[in-house]
Amino acid sequence: MNKVIKVALATTLLAATASTTYARSWRVNNDVTKKAHFVDINAAMASEEVQAGDTLYLDPNTNLSSEQRVTKQVTIVGPGWGGGEVYYARAVISGILIITAAETKIVGLYLTNAIHIRADYVTVERCKVTSTILTGGATGQFATIRNCYLDSGSTNIYGEGGTNSRSANWTVENSIIIHHGAYNRCIERLYCATIRNNMLITWGGEQCWALCDLGNALVQNNIIMQLYAPVITIYNCDGTFTNNVISQDYGTSNYIVDNNLASVLTGDYESYTLVEGSPAIGGGTDGQDVGIFGGLYPYVANNGLPKGYPYYTKNIVGAKAVDGKVNVSLKVKIEDE
């Protein structure tokens, strides 16, 4: 549930400045007229003032089109990628994003190019990604992809191989992963991955598989559908596959359905409702629903907002100044789900 705060104010804004002994926050905007701290992530990484543990906030309407490299352990926060009732624009990274700092966290961004994870314990959360999340370099273990919307004609998540520890122990949960290109997959070449409470949808041609070349994986509570024949949804994978609603016979502990998504749910990918009699209702472990709205981190539909991030859903600006002041009324919410 969202917390709602109504605010009436003139043109006064309050700003808090953090002590240099604590983690600090920085604004990033490639529009120099906005007078942010940095024009892009690269500039922030080059600054001696930015330290490990700091947070970079990308302004709405920011678009970083050149390659961006994260070389310090920071949290990078955008204003959310979705529509819904959010009244301001998203922040976009359209250049390649390369992460070489362990424990980096990316939240609330719209990314249209590849994300290279080359460090351990990287988290990508509540983002929309229309290209590939992939590994490379010496290590990229223990990554977490959570509450994301991944939609690509190339492989959505691509590791080093089903027996390669460089991309081991990834967790992919409560995310929508849609693949629509031939010879590519939703998730491919991960070792010891945990894949749970996702919706994995494939359509678009030959060898368009949801899961491919996974070694020792735990795959549970997912809706996994290949929407066009031939129905080959999972290829060359081993591990534990349980409590999935799936359009291929892959073990006795799953629910096998045809390749018609309407037999499982109705609505769009982000805000669907399970149809009456759907095997996903109560079909997960511990009796939870299968899919993105079950588990410990239920998907929040239609916003992609960072948790705890304030945003306004209504603003009224006075038509004219009164005694030198312009009255502004805002309705502000905080995403707390």
Side-chain angles (χ1 to χ4, degrees), residues 128-130 132-133 145-158 172-190 193-214 217-285 288-295 298-299 301:
K128 182 172 183 177
V129 183
T130 59
T132 302
I133 301 174
I145 313 298
R146 177 183 296 141
N147 291 124
C148 289
Y149 191 108
L150 311 182
D151 186 350
S152 178
S154 56
T155 295
N156 301 91
I157 298 175
Y158 189 82
V172 182
E173 58 191 353
N174 294 94
S175 293
I176 301 167
I177 305 176
I178 302 171
H179 172 69
H180 46 83
Y183 300 100
N184 291 288
R185 292 96 202 198
C186 290
I187 303 175
E188 183 175 4
R189 293 169 56 85
L190 292 179
T194 297
I195 301 168
R196 61 191 171 205
N197 288 103
N198 301 287
M199 179 196 290
L200 296 93
I201 305 295
T202 66
W203 56 273
E206 189 174 353
Q207 296 185 22
C208 182
W209 303 320
L211 303 174
C212 177
D213 294 333
L214 302 182
L218 173 63
V219 180
Q220 63 181 192
N221 301 340
N222 303 282
I223 297 172
I224 310 174
M225 302 288 287
Q226 162 62 282
L227 299 186
Y228 293 107
V231 182
I232 301 175
T233 312
I234 299 175
Y235 180 80
N236 194 34
C237 296
D238 67 74
T240 301
F241 291 73
T242 181
N243 296 84
N244 301 289
V245 174
I246 186 171
S247 57
Q248 178 185 349
D249 189 355
Y250 213 87
T252 58
S253 299
N254 300 291
Y255 304 93
I256 311 304
V257 295
D258 59 23
N259 63 336
N260 181 7
L261 198 59
S263 65
V264 180
L265 54 87
T266 183
D268 61 34
Y269 291 142
E270 293 179 63
S271 55
Y272 64 78
T273 300
L274 298 175
V275 299
E276 183 178 356
S278 171
I281 298 176
T285 55
Q288 64 179 283
D289 286 347
V290 175
I292 58 175
F293 299 118
Y299 190 90

(Q) Quick check: do L150 and I145 have side-chain heavy atoms less than 4.5 Å from each other? (A) yes
(Q) If I take atom OG from residue S175 and atom CZ from residue R146, how far apart are they, to the nearest 0.5 angstrom? (A) 9.0 Å
Q: Scan residues 195-204 for pairs that pass side-chain hydrogen bond (donor to acceptor under 3.5 Å, both in side chains), counting only residues two or more places apart or in two chains.
A: E173-R196, N197-Q288, N198-N222, T202-Q226
Q: Report yes or no: does N236 contribute a side-chain atom to a donor-acceptor pair with the main-chain N or O of D213 at less than 3.5 Å?
A: no
Q) Are side-chain heavy atoms of L218 and F241 found at a separation under 4.5 Å? A) no
Q. What closest approach, in Å, do N174 and P298 show between heavy atoms, and which atom pair accounts for it?
A. ND2-CA, 3.7 Å
Q.
As an exercise, state the distance from CD1 of I177 to CD1 of I201, rounded to the nearest 0.5 Å.
A. 10.5 Å
Q.
Could you check whether any side-chain N or O of T130 sits under 3.5 Å from a backbone N or O of D151, counting only pairs where one atom can act as donor and the other as acceptor?
A. no
Q.
Let me confirm one number: the CG-CD1 distance from N221 to I292, rounded to the nearest 0.5 Å.
A. 13.0 Å
**Q.** Atom pair SG/CD of C237 and E188 - distance to nearest 0.5 Å
**A.** 9.0 Å
Q | Check: N184 main-chain N/O paired with H179 side-chain donor or acceptor under 3.5 Å | A | yes
**Q.** Over all atoms of both residues, closest heavy-atom pair of G283 and V290
**A.** C-CG2, 3.5 Å
Q: Please confirm whether the backbone N or O of S154 pairs with a side-chain atom of S152, one donor and one acceptor, at under 3.5 Å?
A: yes
Q.
Apply side chain to side chain contact (heavy atoms under 4.5 Å, CB included) to residues M199 and L265 and explain how you reach the verdict.
A. CA-CA 11 Å; M199 179 196 290; L265 54 87; 3.7 Å; yes
(Q) Once rounded to the nearest 0.5 Å, what's the spacing between atom CD1 of I224 and atom CG of N244? (A) 4.5 Å
Q) Taking the six-membered ring where the residue is Trp, are the ring centres of Y149 and Y269 under 6.0 Å apart? A) no
Q.
Using every non-hydrogen atom in the two residues, find where V275 and T266 come nearest and quote the distance to one decimal.
A. CG1-N, 3.8 Å
Q: Report the relative orientation of the aromatic rings in Y299 and F293; use parallel for angles under 30°, tilted for 30 to 60°, perpendicular for over 60°.
A: perpendicular
Q: Only counting residues at least two apart or in another chain, list the ones meeting ring-ring contact (aromatic ring centres under 6.0 Å, His included) with Y158.
A: none
Q: Using the side chain to side chain contact (heavy atoms under 4.5 Å, CB included) rule, pick out the option among V219, N156, I133, I187 that qualifies with V172.
A: I187
Q: Look up atom CG in L214 and atom CG in D238, then write down how far apart they are to the nearest 0.5 Å.
A: 8.5 Å
Q: Could I get the full list of side chain to side chain contact (heavy atoms under 4.5 Å, CB included) partners for I281, not counting sequence neighbours?
A: L274, S278, D289
Q: Indicate the atoms forming the closest heavy-atom contact of D268 with E270, along with that distance.
A: OD1-N, 3.0 Å
Q) Looking only at heavy atoms, which two atoms of L200 and C186 are closest? And how far apart? A) CD2-CB, 3.9 Å
